[in-house]
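Only this structure's heavy atoms are used, side chains among them; waters, hydrogens and symmetry mates stay out.
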Amino acid sequence: KQGLVNQFNAQSAQVILESMKELARTVEAKIGWSSIVFLPDDLTSCGKYNITPVDSLDPWKIKLALVDLDHALQKSGQRIGSLLIVGGDKVVPFHRLPNPTDDTDADVPSDSPYGALDTNYFVSDWAVGRLPGEEGGDSGLLISEIRGCIQYHKDEAEAHTLVSDLLRLIFFWDRTWVKNFSNVGYSASVWRRSSLAVFR
């Protein structure tokens with residue numbers, strides 16, 4: 001929350017938070033889905049789960065707050081399934097990981113540790129995505145990204161009819177029995193060797 005206020009301003013931060021809550025409600029409306037807006041530095045948000053709010057924008061403290069959230073959710077039979085980080089490095093800082101390649105980058109900005117329950121960030125416990133917005137104080141792009149996600153989930157919910165679900169089932173059947181699934185990796189050429197090692 002403080003990162004949003006710092007980068008934008010209190011009024012823009014409130015608009016972003018309201019958009020995040022609308023996104024959570026939209027996802028909640030889907031059958032079998034649940035969603036929460038979790039602010040690791042907000043007393044009200046953390047208090048619902050008996051978590052001590054973080055006192056600074058420290059990536060490791062935020063990661064530990066997510067671990068605490070997962071443990072709190074587990075008590076009610078839930079877990080974190082995926083995480084969407086809203087905001088760039090100034091809002092929720094990247095972890096600075098050691099650079100495994102011989103190039104000029106001192107470290108690698110990464111969100112991988114936010115998806116792991118322990119220190120082994122190479123193996124994620126849940127998927128992590130980020131809506132970065134832009135560098136400056138204009139919140140327009142970030143709000144537009146959130147609204148795009150809301151619209152996507154609304155469109156997807158409207159597309160679920162009996163016929164479309166049947167077609168999806170047939171398509172899935174065809175893919176699993178006729179074709180072999182394959183994995184795809186995408187990286188910059190400078191990362192080719194390390195990416196191949198991770199992908200293997």
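The two residues Ser110 and Pro113 come nearest to each other via the heavy atoms OG-CD, 3.9 Å. Closest of all the heavy-atom pairs between Val54 and Ala65 is CG1-CB, 4.1 Å. Residues Val128 and Gly115 share a closest heavy-atom pair of CG2-CA, 3.4 Å. The minimum heavy-atom distance linking Asp41 with Gln2 is given by the pair OD2-N, 2.9 Å.
Atom-to-atom distance recorded for Leu117:CG and Leu66:CG is 9.5 Å, nearest 0.5 angstrom. Of the inter-residue distances, the one linking Ile16 atom CD1 with Leu4 atom CG reads 5.0 Å to the nearest 0.5 angstrom. Rounding to the nearest 0.5 Å gives a distance of 11.5 Å between CG of Asp42 and CD1 of Ile51.
Follow the hydrophobic side-chain contacts under 4.5 Å out from Val91 and you reach Leu83 in the same cluster. The cluster map of Ile, Leu, Val, Met, Phe, Trp and Tyr, joined by side-chain heavy atoms under 4.5 Å apart, puts Val37 and Val27 in the same cluster. Cluster membership for Leu131 and Val5, using ILVMFWY side-chain heavy atoms within less than 4.5 angstrom, is not shared. Grouping the Ile, Leu, Val, Met, Phe, Trp and Tyr side chains by contacts below 4.5 angstrom, directly or via other members, places Val86 apart from Phe94.
Under a 3.5 Å cut-off, the side chain of Gln7 and the backbone N or O of Lys90 do not form any donor-acceptor pair.
Sorted pairs that involve residues 32-56 and meet ring pair (Phe, Tyr, Trp, His ring centres under 6.0 Å), not counting sequence neighbours, are lacking altogether. Residue pairs meeting the side-chain hydrogen bond (donor to acceptor under 3.5 Å, both in side chains) criterion with at least one partner in residues 13-25, sequence neighbours excluded, are Gln14-Glu18. Residue pairs that meet the salt bridge (Lys or Arg N to Asp or Glu O under 4.0 Å) test with at least one member in residues 44-59, sequence neighbours left out, are Asp55-Lys61. Sorted by first then second residue, the side-chain hydrogen bond (donor to acceptor under 3.5 Å, both in side chains) pairs that include residues 62-78, not counting sequence neighbours, are Asp70-Arg79. Sorted by first and then second residue, the side-chain hydrogen bond (donor to acceptor under 3.5 Å, both in side chains) pairs with a member in residues 115-130 read Asp111-Arg130; sequence neighbours excluded.
The shortest distance between side-chain heavy atoms of Leu17 and Leu39 falls below 4.5 Å. Counting only heavy atoms from C-beta outward, the side chains of Leu69 and Ile36 approach each other to under 4.5 Å. Contact of the Asp107 side chain with the Leu97 side chain is not registered, since no non-hydrogen atoms from C-beta on lie closer than 4.5 Å. Trp191 is listed as a side-chain neighbour of Val108, based on a closest heavy-atom distance under 4.5 Å.
Checked against side-chain hydrogen bond (donor to acceptor under 3.5 Å, both in side chains), Ser187 has the following partners two or more places apart in sequence or in another chain: Ser195. Residues meeting the ring pair (Phe, Tyr, Trp, His ring centres under 6.0 Å) test with His153, sequence neighbours left out: none. The side-chain contact (heavy atoms from CB on, under 4.5 Å) test applied to Ser189 returns Arg192, not counting sequence neighbours. Under the side-chain contact (heavy atoms from CB on, under 4.5 Å) criterion, Arg193 pairs with no residue at all, not counting sequence neighbours. For Pro59, the side-chain contact (heavy atoms from CB on, under 4.5 Å) partners at least two apart in sequence or on another chain are Pro93, His95, Tyr114.
Connectivity analysis of hydrophobic side chains (ILVMFWY, heavy atoms under 4.5 Å, direct or indirect) links Leu64 to Trp60.
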Discussion item. Before you tell me yes or no, could you show the steps for Leu73 and Ile80 under side-chain contact (heavy atoms from CB on, under 4.5 Å), namely the whole-Å CA-CA distance, both residues' side-chain angles and the distance that decides it to 0.1 Å?
Written reply: CA-CA 8 Å; Leu73 291 172; Ile80 296 175; 4.0 Å; yes

Practice prompt. Given side-chain contact (heavy atoms from CB on, under 4.5 Å), test Thr101 with Val190 step by step and report yes or no.
Written response: CA-CA 9 Å; Thr101 62; Val190 70; 5.9 Å; no

Side chains of residues 133-150: which donor-acceptor partners sit under 3.5 Å, not counting sequence neighbours?
from, atom 1, to, atom 2, distance (Å)
Asp138, OD1, Gly140, N, 3.0
Glu145, OE1, Gly133, N, 3.1

